[in-house]
Amino acid sequence: MRSTPIYEVHAVKYAHLPRKAWEVQITPDPHDADFPMDYFVWVAIPLDEAGNRAIGGKPVVIDTGFNAQVGKQRGREVKRNPADLLNDLGIDPREVEDVIVTHLHYDHVGNWDKFPKARFHLQDKEMQFATGRHMCHDPFRHAFEVEDIVGMVRAVYGKRVVFHDGDDEIQPGISVHLIGGHTMGIQSVRVMTRNGWLVLASDASHYYWGIRDKKLFSIVYSVADMLAGYDKLTKLADGHVDMVVPGHDAEVMTKYPASRDDMKGIAVRLD
């Protein structure tokens, strides 16, 4: 019997945005390359010893995306609501008990209302960041939606937020790890798979060129923490950079196989 449970892990794409290097890098490539942005949510589903979905196993959702209304306000088209796409994978958002919120930017914590039974796992520093003095400044505030933040505060008062102060285990085989950099309290997620530890970087590394080339994304709270975070992500993956999945790189959709034949271009199987 395995000492650590293993999971199947999916990246679910719900929106896409064309981008140029000058829009996403602090020191952009001189040829101004195309760096399109895909928007994802992720889900980890426990497997049994035979590699089938474990009966009674509890999936863990990582981030909840944004909805069509917010997308329209921000010039981003939502193909389908992420909650509906999770349904296509056999995950009923209304029954999910644990949602890890990597950070509180609009594209990672919208649709929280689609998960009425969920506990939301969040870093102390991220709530401090999103509700404190830094939000007096437009460059920090602009990537947050106030109604999402208010929703999380209400969830705190409803006893539905689990705070973490650094690295912590969510359940056997899944843990959260404080990275920082992009925001004060961004956390990445480590999941045990049949291929070893898989690290969902989220926006601790937006693209493969972040962790691979130590380049800086344009929205950053701490450059020092972002750079140190790349090293931590690699360590969490036992030194295998190819086991780190970035948060927005369109290459993810071509690097991994489709979750199912009928979900090509929508969801890929990361494990």
Side-chain angles (χ1 to χ4, degrees), residues 7-44 62-63 65 76 82 100 102-103 105 107-108 143 176-183 186-259 264-271:
Y7 296 78
E8 64 176 86
V9 187
H10 302 264
V12 182
K13 172 184 170 181
Y14 66 94
H16 176 84
L17 185 69
R19 275 290 184 254
K20 289 288 190 179
W22 67 267
E23 297 175 286
V24 297
Q25 291 181 330
I26 287 181
T27 51
D29 292 344
H31 58 287
D32 200 23
D34 290 315
F35 287 130
M37 231 181 201
D38 279 351
Y39 292 85
F40 299 100
V41 299
W42 303 270
V43 60
I62 298 96
D63 289 342
R76 290 143 173 81
I100 297 170
T102 62
H103 60 302
H105 279 171
D107 53 327
H108 294 264
V176 294
H177 301 270
L178 175 63
I179 303 294
H182 178 56
T183 66
I186 186 172
Q187 59 186 349
S188 298
V189 182
R190 186 166 79 155
V191 184
M192 178 54 78
T193 72
R194 57 187 173 176
N195 296 314
W197 288 113
L198 180 75
V199 178
L200 302 173
S202 183
D203 293 4
S205 184
H206 283 69
Y207 294 85
Y208 283 107
W209 47 251
I211 188 170
R212 183 187 62 218
D213 303 327
K214 304 297 189 289
K215 289 184 176 291
L216 298 167
F217 189 76
S218 56
I219 300 176
V220 57
Y221 165 73
S222 167
V223 167
D225 288 347
M226 183 176 282
L227 290 171
Y230 295 148
D231 293 333
K232 184 170 183 177
L233 292 170
T234 303
K235 289 179 181 177
L236 289 170
D238 286 340
H240 302 293
V241 176
D242 61 329
M243 291 294 284
V244 180
V245 181
H248 288 278
D249 202 317
E251 188 179 332
V252 170
M253 295 301 294
T254 59
K255 183 176 180 178
Y256 297 94
S259 298
K264 288 180 179 178
I266 299 171
V268 290
R269 181 92 179 248
L270 301 176
D271 61 306

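Both backbone and side-chain heavy atoms feed into the values below; hydrogens, waters and symmetry mates do not.
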Pair Leu227, Leu216 - check side-chain contact (heavy atoms from CB on, under 4.5 Å), show working.
CA-CA 8 Å; Leu227 290 171; Leu216 298 167; 3.8 Å; yes

In sequence, state the C-alpha distance, the side-chain angles, and the governing distance for Val41 and Tyr14, and then conclude on side-chain contact (heavy atoms from CB on, under 4.5 Å).
CA-CA 8 Å; Val41 299; Tyr14 66 94; 4.1 Å; yes

Under the criterion side-chain contact (heavy atoms from CB on, under 4.5 Å), I'd like the reasoning laid out for Gln187 against His177: C-alpha separation, chi angles, the key distance, then a yes or no.
CA-CA 5 Å; Gln187 59 186 349; His177 301 270; 5.9 Å; no

Would Tyr208 and Glu251 count as a side-chain contact (heavy atoms from CB on, under 4.5 Å) if you check the C-alpha gap in whole Å, the side-chain angles of each, and the deciding distance to 0.1 Å?
CA-CA 8 Å; Tyr208 283 107; Glu251 188 179 332; 3.8 Å; yes

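Shortest non-hydrogen contact noted between Tyr39 and Arg76 is OH-NE, 2.9 Å. For the residue pair Phe40 and Gly247, the shortest heavy atom distance occurs at CD1-O, 3.3 Å. When every heavy atom of Gly229 is checked against every heavy atom of Ile179, the shortest pair comes out as CA-CG2, 3.6 Å. Contact between Lys13 and Gly265 at its shortest, heavy atoms only, is CD-O, 3.9 Å. Nearest heavy atom pair, residue Met243 against residue Gly196, reads CE-O, 3.8 Å. For the pair Val220 and Gly181, the tightest heavy-atom approach, listed with the atom from each and the gap, is CG2-O, 3.4 Å.
Under the 30°/60° scheme for interplanar angles, the aromatic rings of His248 and His206 are found to lie parallel. Between Trp209 and Phe217, the two ring planes are parallel [angle under 30°; tilted spans 30° to 60°].
Side chains of Tyr256 and Val245 form a contact here, defined as non-hydrogen atoms less than 4.5 Å apart. Side-chain contact between Val252 and Asp38 is absent, with no heavy atoms from C-beta onward closer than 4.5 Å. Looking at heavy atoms from C-beta onward, Leu233 lies in side-chain contact with Ser188 at the 4.5 angstrom threshold. Side-chain atoms of Lys215 and Tyr207, non-hydrogen and from C-beta on, never get closer than 4.5 Å to each other. Residues Val189 and Val199 fail the side-chain proximity criterion, which asks for heavy atoms closer than 4.5 Å. Side-chain contact between Asp242 and Lys255 is present, with heavy atoms from C-beta onward closer than 4.5 Å. Contact annotation: the side chain of Val9 approaches that of Leu200 to within less than 4.5 Å [non-hydrogen atoms, C-beta and beyond]. Contact check for Val244 versus Ser205: no side-chain heavy atoms found under the 4.5 Å cut-off.
Between atom CD1 of residue Ile211 and atom CE of residue Met226 there is a gap of 12.5 Å, rounded to the nearest 0.5 Å.
Neither side chain, Asp203 nor His105, offers a donor N or O lying under 3.5 Å from an acceptor on the other.
Listed for the Arg190 side chain is a donor-acceptor partner under 3.5 Å among the backbone atoms of Leu236.
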